[in-house]
S.K.: 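The following block contains the structure, expressed as structure tokens.
These figures come from a predicted structure and were not determined experimentally.
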Amino acid sequence: MQSRNVNLEREDHLKITETNLTIMMDFVLLGFTDIPQFQWFLLGIFLVIYVIILLGNGTIILITRVDATLQTPMYFFLGNFSFLEICYVSITLPRMLMDLCTQKGTISFLTCATQMCFFLMLGATECFLLAVMAYDRCVAICDPLHYPLVICPEVCIGLVVASWIGGVPVQIGQTCQIFSLPFCGSNTINHFFCDIPPLLKLACGDIFVNEIVVYIFGIMFVTVPFLLILGFYIRIISTILKLPANTGRTKAVSTCSSHITVVLLFYGSATVTYLKPKSNQHEGIDKLISLFYTILTPMFNPIIYSLRNKDVRKAIGKFLP
């Protein structure tokens, strides 16, 4: 009799496990359902933002390709960065627009994993490409005589390719690691896209090792490129301060100010999201911070570069009636 009871308990446990696994075949993205009265307003706002991102960054790509005065390494990197921003925002924003429109946030396990994988890969590319752009400015300002030799077309292509593929194997591995965790209980993700922090909150058991791995990868792909950018700009500032007044100092500062603004927007919000200590902070704040590096930075990128860069303004003016 006791053996029979044990077998029944095991069968019940297997049924519960199967039920949980069935539930976890789908997730539900809550998005902004906590403010239902603003759903259509948010749909309109985010739709306008998406159009601005596509038009703004598309314009940067176009002028850096066809304008003869912008055929330099700096604008080659800027064109790639604008293309990256379009790809980056297209991973999350169209899905969020669909969820706001349909009032349904259901996303399959595979789709969620795919979205997170591409989001992480493109995020790593953005970190690397921002560091490459800082290196370009550093060589141009600190060693202008050797700039054409150091930043030649072959080097430009190599740096861009390395930026695009450098984080792919690691981020695929990280995605597999996160989605190999056992998920049970609630299948509700309190976010507007599949990201690591909200997904870890749904995992069962001890996730300490997984959190440590996330921090390690965060240091690799966020902190290290940021420290490189910081080092490049320390050297740039020291070089600029040695220049006599009114001898190119203003132009040197203006060519860097746009990049610095984008770096601060992206790295500031990304660092808070992935490297902040674990706390009971309201999840709405996390979603708000995520909006900065997923949506607002891609929107501000063409605005910042067009307002602060005289060459870009002139090139845009040639296409306007």
S.K.: Report yes or no: do Leu230 and Phe128 belong to one cluster of Ile/Leu/Val/Met/Phe/Trp/Tyr joined by side chain heavy-atom distances under 4.5 Å?
M.R.: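 Looking at the clustering, Phe128 is in a separate group from Leu230.
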
S.K.: So which atom in Pro73 and which in Asp136 form the shortest heavy-atom distance, rounded to 0.1 Å?
M.R.: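 Closest pair (atom of Pro73, atom of Asp136, distance): CB-OD1, 3.7 Å.
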
S.K.: Rounded to the nearest 0.5 Å, what separation is found between the CD1 atom of Ile304 and the OG1 atom of Thr297?
M.R.: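 Nearest 0.5 Å value for the CD1-OG1 distance: 7.5 Å.
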
S.K.: Can you find a heavy atom in the side chain of Pro298 that is under 4.5 Å from one in the side chain of Ile86?
M.R.: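 Counting from C-beta outward, Pro298 and Ile86 never come under 4.5 Å.
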
S.K.: Mind running side-chain contact (heavy atoms from CB on, under 4.5 Å) on Leu199 and Leu181 for me, showing each step along the way?
M.R.: CA-CA 10 Å; Leu199 276 167; Leu181 291 170; over 6 Å; no

S.K.: For the aromatic rings, using the six-membered ring if either is Trp, is the centroid distance between Phe32 and Phe38 under 6.0 Å?
M.R.: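 Aromatic pair excluded; centres sit 6.0 Å or further apart.
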
S.K.: Answer yes or no: is there a donor N or O on one side and an acceptor on the other, between the side chain of Thr175 and the main chain of Gln171, under 3.5 Å?
M.R.: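 Confirmed, Thr175 side chain pairs with Gln171 backbone.
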
S.K.: Less than 3.5 Å apart, any donor N or O on the side chain of Thr69 or Tyr75 sitting next to an acceptor on the other?
M.R.: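 No, Tyr75 and Thr69 have no side-chain donor paired with an acceptor closer than 3.5 Å.
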
S.K.: Within the side chain of Asp206, is there an N or O that forms a donor-acceptor pair under 3.5 Å with the backbone of Phe208?
M.R.: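 Yes; judged by distance alone, with no hydrogens or angles, the pair exists.
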
S.K.: When rounded to the nearest 0.5 angstrom, what is the spacing between CD1 in Ile61 and CD in Glu85?
M.R.: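 The CD1 atom of Ile61 sits 10.0 Å away from the CD atom of Glu85.
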
S.K.: Hey, is the main chain of Phe76 close enough, under 3.5 Å, to the side chain of Asn80 for a donor-acceptor pair?
M.R.: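 Yes; at least one donor-acceptor contact below 3.5 Å.
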
S.K.: Might you point out which heavy atoms bring Cys112 and Ile189 nearest each other, and give the distance in Å?
M.R.: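 Nearest heavy atoms, Cys112 then Ile189: SG-CD1, 4.1 Å.
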
S.K.: Tell me whether Phe292 at atom CZ has more than 12 heavy atoms from other residues, nucleotides or ligands lying less than 6.0 Å away.
M.R.: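 No, not enclosed.
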
S.K.: Please walk me through it: do Ile35 and Leu42 pass side-chain contact (heavy atoms from CB on, under 4.5 Å)?
M.R.: CA-CA 10 Å; Ile35 44 174; Leu42 290 174; 3.8 Å; yes

S.K.: Is the closest side-chain heavy-atom distance between Asp26 and Phe109 below 4.5 Å?
M.R.: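 Not touching, per the 4.5 Å side-chain cut-off.
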
S.K.: Looking only at heavy atoms, what is the nearest atom pair of Pro225 and Ala131, with distance?
M.R.: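 Heavy-atom minimum between the residues: O-CB, 4.2 Å.
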
S.K.: Please check this pair: side chain of Ser238 against backbone of Arg235, looking for a donor-acceptor N/O pair closer than 3.5 Å.
M.R.: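 Yes; at least one donor-acceptor contact below 3.5 Å.
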
S.K.: Determine whether Val139 and His146 make a side-chain contact, defined as any pair of heavy atoms from C-beta on separated by less than 4.5 Å.
M.R.: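 Val139 vs His146: side chains apart.
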
S.K.: Parallel, tilted or perpendicular, judged at 30° and 60°: which one describes the rings of Phe226 and Tyr267?
M.R.: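 Ring orientation of Phe226 relative to Tyr267: tilted.
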
S.K.: Grouping I, L, V, M, F, W and Y whenever their side-chain heavy atoms are under 4.5 Å apart, do Ile157 and Val155 come out in a common cluster?
M.R.: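 Both belong to a single hydrophobic cluster.
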
S.K.: Specify the closest pair of heavy atoms between Ile107 and Gln115, including all atoms of both residues, with the distance to one decimal.
M.R.: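 Ile107 and Gln115 have their closest heavy atoms at CD1-OE1, 4.2 Å.
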
S.K.: Under a plain distance cut-off of 3.5 Å, with no hydrogens placed, do Asn301 and Asn57 share a side-chain donor-acceptor pair?
M.R.: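 There is such a pair (donor and acceptor under 3.5 Å, judged by atom type) between the side chains of Asn57 and Asn301.
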
S.K.: Looking at Tyr147, I want to see if its OH is surrounded by more than 12 non-hydrogen atoms of other residues, nucleotides or ligands under 6.0 Å.
M.R.: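 Buried by this count: over 12 neighbours within 6.0 Å.
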
S.K.: Would you indicate whether the side-chain heavy atoms of Phe46 and Leu291 approach each other to under 4.5 Å?
M.R.: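 Sidechains of Phe46 and Leu291: in contact.
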
S.K.: Going through the checks in order, is the ring-ring contact (aromatic ring centres under 6.0 Å, His included) test met by Tyr305 and His259?
M.R.: CA-CA 8 Å; Tyr305 276 100; His259 183 256; 7.6 Å; no

S.K.: Out of curiosity, Leu122 CG to Leu129 CG, how far, rounded to the nearest 0.5 Å?
M.R.: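 The CG atom of Leu122 sits 11.5 Å away from the CG atom of Leu129.
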
S.K.: Starting at SG of Cys117, measure out to CD1 of Ile91 and round the result to the nearest 0.5 Å.
M.R.: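 Output value for this atom pair is 9.5 Å.
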
S.K.: Leu100 and Ile45: same hydrophobic cluster, using ILVMFWY side-chain contacts below 4.5 Å?
M.R.: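 The answer is yes; both residues are in one hydrophobic cluster.
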
S.K.: Under 4.5 Å between any side-chain heavy atoms of Phe192 and Leu29, yes or no?
M.R.: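 They are not in side-chain contact.
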
S.K.: Check each of Phe118, Tyr88, Phe119 against Phe193 using the ring-ring contact (aromatic ring centres under 6.0 Å, His included) test, and report the only one that passes.
M.R.: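 With Phe193 as partner, ring-ring contact (aromatic ring centres under 6.0 Å, His included) holds for just one option, Phe119.
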
S.K.: Does Met116 form a side-chain contact (heavy atoms from CB on, under 4.5 Å) with Leu120? I'd like the steps, not just the answer.
M.R.: CA-CA 6 Å; Met116 193 182 86; Leu120 293 175; 4.1 Å; yes

S.K.: Tyr50 versus Ile295: any side-chain heavy-atom pair under 4.5 Å?
M.R.: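 They are not in side-chain contact.
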
S.K.: To check you understand the geometry: which heavy-atom pair defines the closest contact between Leu202 and Ser186, and what is its length?
M.R.: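 That closest heavy-atom pairing would be CD2-O, 3.8 Å.
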
S.K.: Mind checking whether Ile236 and Cys142 have side chains closer than 4.5 Å, heavy atoms only?
M.R.: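 Answer yes - side chains close enough.
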
S.K.: How long is the gap from CD on Gln174 to CG on Asn210, to the nearest 0.5 Å?
M.R.: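 So the gap between those two atoms works out to 9.5 Å.
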
S.K.: Please test Asp34 against Leu30 for side-chain contact (heavy atoms from CB on, under 4.5 Å), starting from the C-alpha separation and ending with a verdict.
M.R.: CA-CA 8 Å; Asp34 52 334; Leu30 283 184; over 6 Å; no

S.K.: Would you please say whether a donor-acceptor pair under 3.5 Å links the side chains of Lys287 and Asn190?
M.R.: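 Yes.
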
S.K.: If you compare all heavy atoms of Ile141 against all heavy atoms of Cys256, which two are closest, and at what distance to 0.1 Å?
M.R.: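 Heavy atoms of Ile141 and Cys256 come nearest at CD1-SG, 3.4 Å.
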
S.K.: In terms of hydrophobic clustering (I, L, V, M, F, W, Y; side-chain heavy atoms under 4.5 Å; direct or indirect links), are Ile316 and Leu62 co-clustered?
M.R.: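 In one cluster: yes.
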
S.K.: Heavy atoms, side chains only, cut-off 4.5 Å: are Met74 and Met133 in contact?
M.R.: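 Met74 does not reach Met133 side chain to side chain.
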
S.K.: State yes or no: do Ile196 and Phe217 share one hydrophobic cluster built from I, L, V, M, F, W and Y residues joined by side-chain heavy-atom distances below 4.5 Å, directly or via other members?
M.R.: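 Per the 4.5 Å side-chain linkage, Ile196 and Phe217 are not co-clustered.
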
S.K.: Taking Asp99's backbone N and O only, do any of them form a donor-acceptor pair with Gln103's side chain (distance below 3.5 Å, no angle check)?
M.R.: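 No; zero donor-acceptor contacts below 3.5 Å.
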
S.K.: Can you measure from OG1 (Thr125) to CZ (Phe221) and round to the nearest 0.5 angstrom?
M.R.: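 Rounded to the nearest 0.5 Å, the OG1-CZ separation comes out at 9.5 Å.
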
